[in-house]
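Per chain, numbering begins at 1; letters A, B, ... match sequence-line order.
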Amino acid sequence: MAVKKVKNVLPNRLCVPGRRQLKRTFWLLDINYELRGDKPELWMWSIDATGKRVLIIDKNYQDYFYIVLKENANPETVIKQIQKTEFPYITKMEPTEKKYFGKSVKAIKVCCQNPEIMPKYAKALQTIEGIQECLEDDLRYSMRYLIDNSVVPCGWHEIDIEAQESEQKVKTQVDAVYEAKTAPKYIPDQKQPKLRILGFSMICYSTKGTAKPDEDPVVVISIATNNGEQKQLVAEDNNDKNIIISLVKFIKKFDPDLIVGFGTNSHDWRYLTTRAEKHGINLYVDRTNTTPHTSVYGHVSLTGRVNIDWYDYADELPEVKLKTLENIADYLDAIKLEKRTLIDEADIPAYWENKQKRSILVKYSEENTASIMGISDAMLDFAVQLSSLVGLPLDYVGTAAVGFRTEWYLTREAYKIDELIPKRQERPYIPYTGGTVIAPKPGMHEDVAVLDFKAMYPNIMITYNISPDTYVPPGDQEPKSGVYTAPEVNHRFRKEPPGFYKTVLTHLIQVRDEIRLRLKKLKPKSAEYRALDARQKAVKVITNAAYGYTGWIGARWYIKPVAEAAAAWGRDTIQNTIKLAEKLDLQVIYSDTDSVFVKNEPSKIEKLSQEIEKTLGLEIKPDKIYTRILFTEAKKRYCGLLPNGELDIVGLEVVRGDWAAVAKNLQERVLEILLKEKSPQKATDYVREYIMDVKTGKVPYREFVIWKTLTKAPEEYAVKSPHVEAARLLKKEGLDLTLGDKMGYVIVKGEGKLYAKAKPYVLASEKDLDTEYYITNQVVPAAARILTMFGIKEEELYSTKKPKTNLTEFFAESRE
DNA sequence: GCAGCCCTATTACCT
DNA sequence: ACAGGTAATAGGGCTGCG
């Protein structure tokens, strides 16, 4: 796609040459806009090159949207028609050429003084003769500003400014307020200013059940800063008025750029707001003396500061199954502790009420904040890079779902090539066929190589120019340049010019390769390395999400054949690879979507890889080698032994969050014995002993807990199930569960269906456990899943006596 | 009334 | 609220059974 850009005429900027103009370089922290009467002002909260906190106000940028004209319409006639009607906020209309899904369209750019009136105007205009539709009236003013001026959150810019006598309330919060005299100009520089970071966590107290902000006080607030300051605020006489005042004071005094927490977007800020209102305190923790408010994608906004809730980044760590603060901190090695203080929510009242134990609660709270600071240390680089890459402000790039992050990146790219931004629209969900999975050859295999296509879907989209703007619908004439036709589904895509996705993906892949090359020359601990490494991770996230995005019905650029074609070419690619491998007499053991597991024969593999590269133009290479690998009959589940002696467990119970640890631990040990020692007999013995341990109470209570997510409100479930019933019991105790929370339950002795025997683990204890259930439904199935591959029957595992090798004897054994 | 079968709901995983 | 493909368990309805 030809990149043609009309260079900065800046028709939307009302440029007034000023006196006392200065040049400043600034790093953009947060952005918001204010309406002064009907005129928008864009506020950029920033840090300048000298480390001063400055607010730069741009009053000179006007919002606009586009009218797309019908093919035969005359722009001037349409403009005249509009002028006849009363649209007082329209300041300018100009005919222009744009592209829409790759096709040139006639359009009118409509400038509006008041950004918030635009959707209304756009709707009203639709009825006018010659107008096809209106677009881009649904972009927020602040995003419009960022996109049009190439302003990048968490990036450096240069700008001409003029000192401004600001209102007192603003002046107290920053070192200086300026008025923008030119558009900011982006300066690529990965260096970051030294940010002031404040982390906090809190503990609420209720005599029974979940604390309710209307009734129950906050009793401990723990604060820490990246300057090493720490403070524990402890309520006196269960009255939280003073500690909330102290929190506000502390924040004002430290004046953080970032406020970080865990669960703050969904809980803490709302709770504090309600408590503050109750006490008549102003919760002024931002830089403009307003209170926290919920905004875009559900993030809590603190004007002038960046509020980050690290829980929003938990999705980036799929290895952590139960996303508690402790687990995430431990996973990231965020905090060094001899022994962590752990207190269940249900036990908090007991700790608070007991003066001796109260100090433990305060320590727990202090450790929580320390964990938050540690997570910050590990994750902030990534958040900053994601923000600057996709162009969403740092305070809500984390709350934006993957689809929206991808879309904002695309939106910025579309602007650069004059593509109009399609509207979001409701569509029916129609699934399509995805990747191919072939059944594994069950059993143990020695020396197996896993070959992976490098970024298969992105590269397929590049190779076949698959894109919303290159799609040739059925019935449309084939373009001169010719088309690529997808296998099976027969969707066509023009070969030329390069499509939107091809351009974007090529760029992303190239950028990542460049970064990785630079990383090789840097010291891994250096700030530059960390920032760049975070950058390449952010690039990878967006690259990998692109294919999924194309098949998402919520996507602005959704065109089903695009996703469907990419998937079809994927299937074709892997099928060809398997065929070729077989032709080379390279035994294929398993394949899933973009990978093939083959016998490790390097010369044949090399040949395969070269042949694929030559015929398909895609890169496939060994990703890892397993010394030994075990498959059951199931797809997507296996265990491999790596050369370094580690086990790579995929899909099996061990890696699932919804099996009790008592079963997972056993299965892991069984796999270890089998893969390392190749002894089914030893594994069987181990299982039998283990079962005895379970029966005799040698396994800790916590290992019996089963965790399952509550995906909807308890009433909405069609069938009764253990975790939902357990959640009901919790609720009876006043302990609420929010949608998406994990319910931890155990199965206790009793009658009837399983759901009747499920109890929240906090409400039961060791002696209640139905060990029979755990043995027959957790421990044995998990072990048998593996051991049946070696001819060992499930029933054999129940035997308490020495194993018998002979089946007749085994059947004589009694099963208890 | 219930064992056995089959289908559905549900969850979490893999690429 | 990025996609589809898959395994697995428990619930629940239905059938057949003198």
Side-chain angles (χ1 to χ4, degrees), chain A residues 297-298 315 318-319 321-322 399-410 424 426-427 429-440 450-458 461 541-558 560 562-568 570-571 574 590-597 623 632-638 648-660 663-664 706-712 716-725 740 742-743 747 752-758 773 776-778 781-782 784-785:
Chain A
Y297 304 128
D315 283 351
E319 300 91 332
K321 305 293 170 196
L322 190 59
T399 57
V402 179
F404 294 111
R405 293 175 191 170
T406 310
E407 189 154 275
W408 279 114
Y409 180 79
L410 292 173
R424 213 175 283 294
E426 283 213 25
R427 303 182 174 94
Y429 169 70
I430 306 161
Y432 63 90
T433 313
T436 307
V437 191
I438 67 159
V450 182
L451 314 184
D452 263 333
F453 276 98
K454 184 194 163 199
M456 186 178 79
Y457 286 128
M461 291 165 77
V541 165
I542 299 302
T543 312
N544 289 345
Y547 157 71
Y549 174 84
T550 67
W552 173 40
I553 55 168
R556 287 177 187 266
W557 277 281
Y558 174 84
K560 196 182 151 206
V562 169
E564 206 169 24
R571 292 192 298 275
I574 206 73
Y590 175 61
S591 167
D592 184 350
T593 311
D594 63 349
S595 67
V596 273
F597 292 52
D623 173 53
T632 66
E633 270 157 15
K635 297 168 175 175
K636 297 187 187 281
R637 317 185 114 215
Y638 55 85
D648 203 6
I649 303 171
V650 179
L652 294 164
E653 282 73 7
V654 178
V655 297
R656 291 185 62 98
D658 57 350
W659 279 72
K664 305 206 291 177
I706 299 164
W707 295 91
K708 274 202 170 81
T709 309
L710 224 64
T711 58
K712 43 190 154 187
E716 288 173 48
Y717 280 86
V719 288
K720 293 193 168 193
S721 63
H723 74 296
V724 179
E725 291 313 295
K742 285 247 200 279
M743 174 69 228
I747 300 300
K753 296 276 192 196
L754 202 56
Y755 62 72
K757 311 203 298 170
Y773 163 80
T776 43
N777 294 51
Q778 292 268 326
R785 186 109 47 229

Euclidean distance, atom CZ of residue A:R571 to atom C1' of C:dA3 [Å, nearest integer]
12 Å

Check the phosphate of B:dT10 against A:H723, side-chain N and O only, distance under 4.0 Å to OP1 or OP2. Yes or no?
no

Let me know the distance between NZ of A:K742 and P of B:dC13, rounded to the nearest Å.
7 Å

In whole Å, I'd like the distance from the CG atom of A:D658 to the P atom of C:dA10.
11 Å

For A:Y638, which contact category applies under a 4.0 Å heavy-atom criterion: base, sugar-phosphate, or nothing?
sugar-phosphate

Spacing of A:N544 atom CG relative to C:dC2 atom P, expressed in whole Å
15 Å

Taking atom types as modelled, is there a side-chain donor on A:T711 or A:Y717 under 3.5 Å from an acceptor on the other?
yes

Kindly give the heavy-atom pair with the smallest separation between A:A567 and A:Y432, and that separation in Å.
CB-CE1, 3.9 Å

Can you find a side chain N or O atom of A:R424 that sits less than 4.0 Å from OP1 or OP2 on C:dA1?
no

Nearest non-hydrogen partners of A:I553 and A:R427, listed with the distance:
O-NH1, 2.7 Å

So which nucleotide from C:dG11, C:dG5, B:dT11 ends up closest to the side chain of A:K753?
C:dG11

Can you check whether A:K321 has a side-chain N or O nearer than 4.0 Å to OP1 or OP2 of B:dC13?
yes

For a quick check of understanding: with a heavy-atom distance under 4.0 Å over all strands, which category does A:G657 fall into, base, sugar-phosphate or nothing?
sugar-phosphate

State whether A:N777 places a side-chain N or O below 4.0 Å from either non-bridging phosphate oxygen (OP1 or OP2) of C:dA8.
no

So, OP1 or OP2 of B:dT10: does either fall under 4.0 Å of a side-chain N or O from A:K712?
yes

Tell me what A:T433 touches on the nucleic acid: a base, only sugar-phosphate, or nothing, going by heavy atoms under 4.0 Å.
sugar-phosphate

Please determine if a side-chain N or O atom of A:Y590 lies less than 4.0 Å away from the OP1 or OP2 oxygen of C:dT6.
no

What's A:K720 touching, base or sugar-phosphate or nothing? Going by heavy atoms closer than 4.0 Å.
sugar-phosphate

If you look at every strand shown and take non-hydrogen atoms under 4.0 Å, does A:A563 touch a base, only sugar-phosphate, or nothing?
nothing

Can you see which heavy atom on A:S595 is nearest to which on A:I574, and at what distance?
N-CD1, 3.8 Å

Show the nearest heavy-atom pair for residues A:R556 and A:R424, with the distance to one decimal.
NE-NH2, 3.5 Å

Report yes if a side-chain nitrogen or oxygen of A:T711 is closer than 4.0 Å to either non-bridging phosphate oxygen (OP1 or OP2) of B:dT11; otherwise report no.
yes

Among the nucleotides C:dC2, C:dG4, B:dT10, which one has an atom lying closest to any side-chain atom of A:Y717?
B:dT10

Winner on side-chain proximity to A:R637, out of C:dG5, C:dA7, C:dG4, is C:dA7

Proximity to the side chain of A:A718 - top-ranked nucleotide from C:dA7, B:dT10, B:dC13:
B:dT10

Classify A:R656 by what it touches in the nucleic acid, base, sugar-phosphate, or nothing, heavy-atom distance under 4.0 Å.
base

Round to the nearest Å and state the distance from A:Q778 atom CD to B:dA12 atom P.
14 Å

Over all strands shown, is A:G434 touching base, sugar-phosphate only, or nothing at heavy-atom distances under 4.0 angstrom?
sugar-phosphate

Are A:E653 and A:R637 within salt-bridge range, i.e. N to O under 4.0 Å?
yes

Heavy atoms only: give me the nearest A:D592-A:K636 pair and the separation to one decimal.
OD2-NZ, 2.8 Å

Hey, does the side chain of A:Y755 come within less than 4.0 Å of B:dT10's phosphate (OP1/OP2), counting only N and O?
no

Hey, can you tell me if A:Y547 and A:Y457 have their rings parallel, tilted or perpendicular (30° and 60° cut-offs)?
parallel

Of the listed C:dG4, C:dG11, C:dA1, the closest approach to the A:K636 side chain comes from C:dG4

Rounded to the Å, how far apart are A:L710 CG and B:dT10 P?
11 Å

Describe the nucleic acid contact of A:K757 in one word from base, sugar-phosphate, nothing, applying a heavy-atom distance below 4.0 Å.
nothing

For a quick test of reading the model: is some side-chain N or O of A:Y773 closer than 4.0 Å to OP1 or OP2 of C:dA10?
yes

Any side-chain N or O of A:K560 below 4.0 angstrom from OP1/OP2 of C:dA3?
no

Assign A:T709 to base, sugar-phosphate, or nothing according to its heavy-atom contacts below 4.0 angstrom with the strands shown.
sugar-phosphate

Atom CD1 of A:I438 to atom P of C:dG5: distance rounded to whole Å?
16 Å

Please check the phosphate of C:dT6 (OP1 and OP2 only) for any side-chain N or O of A:K635 closer than 4.0 Å.
yes

Can you check the A:M743 CE to B:dA12 P distance for me, whole Å?
13 Å

Short side-chain N/O contact from A:R785 to OP1 or OP2 of C:dA7, under 4.0 Å
no

Considering heavy-atom distances to DNA chain C, does A:V719 or A:P781 have its closest nucleotide positioned more toward the 5' end?
A:P781

Classify A:W557 by what it touches in the nucleic acid, base, sugar-phosphate, or nothing, heavy-atom distance under 4.0 Å.
nothing

